[in-house]
Amino acid sequence: MPQPVLELVGVGRRIGDTTLLSDIDWRVDPGQHWVVLGPNGSGKSTLLRIAGLHLHPTWGTLRVLGETLGRTDVRTLRGRIGYASASLADAFRPAVTATDVVMTALKGALEPWWHDYSDDDRDRAGALLSRIGCGDRACHAFGTLSSGERQRVLLARTLMVEPDLLLLDEPTAGLDLGGREDLITVLADLAADPDAPPIVLVTHHVEEIPPGFTHALLLEAGRVVNAGKLADVVTEQALSSCYDMNLSLTHVAGRWAARANGSGR
């Protein structure tokens, strides 16, 4: 069995008297692409921030890329992880160009003048923008881009460091239909790339699961209620129970859709 890319054993996170995650056991292996689903407040973003080494668990064991938290330099390890969240867009000065947003990932920076970069670095950032469909926006100010374009630029930023693990926290949040579909297409293309790193995508909606994703983790009230192959986890019964609704689920041409048939289980 290959060494896991990400492994959580009995992981929990508590703030004061509030338990955000409890006894999480989860393993991501090479070649897998995971979606994390669950209601608001179920702990999805907290889980991803722990996996990305932006939060420490209160208890349990976390292993990332063969290293165990507490026995490694997290600053170095974090540089091997591509991490993006919808909130990251607000951290950049609006006048920073799309190219600079991508390029500064090499130093974990928000401004290009904080560090020195080479022409090769700038060329690589431009190539990644072209890969995700924003090559014509390379010189545009980040603040002038649409919400969908900004999320695609942030995706390119995660790829700039050639990550061994890619973590995406609700990248489609706030996007209109066109922006959402464009980003899902980019993620589907990435999942189909045999050289792409394992991906973990947090989302609220099964409609946003890109084709090519292989596994799913279902969270409820900070606990794992199901995890495994996508088709085994994303079922009408499991989702209806988790969301406390009577749901119908369809799967057509690689895309999922859910709708409510009425309230209650």
Side-chain angles (χ1 to χ4, degrees), residues 33-40 44-45 48 82-105 124-160 163 166-193 196-197 199-216 230 234 239 243 245 247-260:
H33 302 307
W34 285 74
V35 60
V36 179
L37 293 162
N40 286 337
K44 300 185 299 297
S45 293
L48 207 68
Y83 179 91
S85 66
S87 62
L88 180 60
D90 296 331
F92 288 96
R93 187 167 49 88
V96 173
T97 67
T99 296
D100 287 340
V101 169
V102 176
M103 185 177 65
T104 51
R124 173 166 167 73
L128 287 170
L129 285 170
S130 295
R131 179 181 180 182
I132 54 85
C134 282
D136 60 343
R137 297 292 190 267
C139 296
H140 288 225
F142 190 63
T144 67
L145 303 180
S146 70
S147 295
E149 289 169 340
R150 287 197 294 271
Q151 291 307 317
R152 280 189 280 168
V153 170
L154 292 179
L155 176 59
R157 177 182 168 89
T158 67
L159 299 174
M160 187 69 190
L166 188 56
L167 306 175
L168 305 174
D169 189 7
E170 298 185 48
T172 55
L175 301 188
D176 63 15
L177 180 60
R180 184 192 77 175
E181 290 302 300
D182 284 344
L183 187 57
I184 289 173
T185 298
V186 171
L187 291 175
D189 289 343
L190 189 61
D193 184 348
I199 306 169
V200 178
L201 168 69
V202 167
T203 181
H204 285 290
H205 309 291
V206 297
E207 290 80 4
E208 295 174 357
I209 300 175
F213 272 57
T214 61
H215 290 71
L230 190 62
V234 180
L239 291 177
Y243 286 91
M245 300 184 74
L247 295 172
S248 292
L249 187 67
T250 59
H251 185 221
V252 179
R255 295 291 299 275
W256 302 82
R259 67 179 180 86

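Just the heavy atoms: all of them, side chains too, but no hydrogens, waters or symmetry mates, feed the values below. Numbering of residues begins at 1 and proceeds along the displayed sequence. The structure presented is a predicted model; accordingly, all values stated were derived computationally and were not measured.
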List the atom of Ala156, the atom of Ile132, and the distance in Å for their closest heavy-atom pair. CB-CG1, 3.9 Å
State, to 0.1 Å, how close Ala125 and Thr99 come at their nearest heavy-atom pair, and which atoms those are. CB-O, 3.8 Å
Residue list, side chain to side chain donor-acceptor pair (under 3.5 Å) with Asp100, at least two apart or on another chain: Thr97, Arg122
Residue pairs fulfilling salt bridge (charged side-chain N to carboxylate O under 4.0 Å, His left out) with at least one residue in residues 126-146, sequence neighbours excluded: Arg131-Asp193, Arg137-Glu149
Test side chain to side chain donor-acceptor pair (under 3.5 Å) applied to Trp34 - qualifying residues, sequence neighbours left out: Gln32
Test item: Leu230 and Thr214 side chains (from C-beta on) under 4.5 Å apart, heavy atoms: no
Nearest heavy atoms of Leu48 and Tyr83, plus distance in Å: O-CE1, 3.8 Å
So, does Lys44 use its side chain to make a donor-acceptor pair with the main chain of Val36 at under 3.5 Å? no
Show me, pair by pair, the donor-acceptor contacts under 3.5 angstrom made by side chains of residues 247-254, not counting sequence neighbours?
unit_1: Ser248; atom_1: OG; unit_2: Asn261; atom_2: OD1; d: 3.1
unit_1: Ser248; atom_1: OG; unit_2: Asn261; atom_2: ND2; d: 2.5

Taking the side chain as everything from C-beta on, heavy atoms only, tell me whether Arg150 gets closer than 4.5 Å to Leu154. no
Could you tell me which non-hydrogen atom of Ala188 sits nearest to which non-hydrogen atom of Pro210, and how far apart they are? N-CB, 3.9 Å
Close side-chain approach of Thr104 to Arg157, heavy-atom, < 4.5 Å: yes
Between Gly212 and His33, the two heavy atoms sitting closest are O-CD2, 3.9 Å
Does the side chain of Leu183 come within less than 4.5 Å of Pro171's, by heavy atoms? yes
Just verifying a value: how many Å separate Gln151 CD and Ser85 OG, rounded to the nearest 0.5 Å? 8.0 Å
Apply the side chain to side chain contact (heavy atoms under 4.5 Å, CB included) test between Leu166 and each candidate in Leu201, Thr158, Leu187; give the one that qualifies. Thr158
Smallest separation among heavy atoms of Val234 and Trp256, with atom names: O-CZ3, 3.5 Å
Does anything in residues 170-180 form a side chain to side chain donor-acceptor pair (under 3.5 Å)? List the pairs, not counting sequence neighbours. Glu170-His204, Thr172-Glu208
Spacing of CG belonging to Leu239 relative to CE belonging to Met245, to within rounding of 0.5 Å: 11.5 Å
Here the gap from Asn40 atom CG to Tyr243 atom OH, rounded to the nearest 0.5 Å, amounts to 8.5 Å
Determine which pairs satisfy salt bridge (charged side-chain N to carboxylate O under 4.0 Å, His left out) with at least one residue from residues 83-93, sequence neighbours left out, and list them in order. Arg93-Glu111
To the nearest 0.5 Å, what is the distance between CD1 on Ile184 and CD1 on Ile209? 9.5 Å
Rounded to the nearest 0.5 Å, how far does OG1 of Thr185 lie from CG of Leu190? 12.5 Å
